[in-house]
Amino acid sequence: MSKQEMIQQLEAVEKALSQSNERIFDIRNRLDALARHNEATRLHIHYLQDALRGAGK
């Protein structure tokens, strides 16, 4: 394998790693958004439970 071929392979690996890192970053952002949504939903459920308890009195 020539030096040029090795350089090309390393560049291809570098590009693949960069794309993989971008996908990981995107997945992390989506998971963070989902976690925020879940927390908001949990708080809303507690609010509704409290409202229902108050309505039953």
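In this text, all values refer to a predicted model and were calculated from it rather than measured experimentally.
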When rounded to the nearest 0.5 angstrom, what is the spacing between CG in N21 and CG in D26? 12.5 Å

Nearest 0.5 angstrom please: N38 CG to L43 CG, how far? 11.0 Å

CG of L10 to CG of L17, rounded to nearest 0.5 Å, is 10.5 Å

Pairwise distance CD(Q19) to CZ(R23) - rounded to 0.5 angstrom: 6.5 Å

Donor-acceptor contact below 3.5 Å, side chain S18 vs main chain E14: no

The reported gap from CG in L34 to CG in N29 (rounded to nearest 0.5 angstrom) is 12.5 Å

Separation between NE2 of H44 and CD of Q49, rounded to the nearest 0.5 Å: 11.0 Å

Between R36 and D32, is the closest basic N to carboxylate O distance under 4.0 Å? no

R42: which residues meet the salt bridge (charged side-chain N to carboxylate O under 4.0 Å, His left out) condition with it, sequence neighbours left out? E39

Show your reasoning for whether salt bridge (charged side-chain N to carboxylate O under 4.0 Å, His left out) applies to D50 and R53. CA-CA 5 Å; D50 290 345; R53 284 188 192 105; 3.1 Å; yes

Would the number of heavy atoms belonging to other residues, nucleotides or ligands and lying under 6.0 Å from NE2 of H46 be above 12? yes

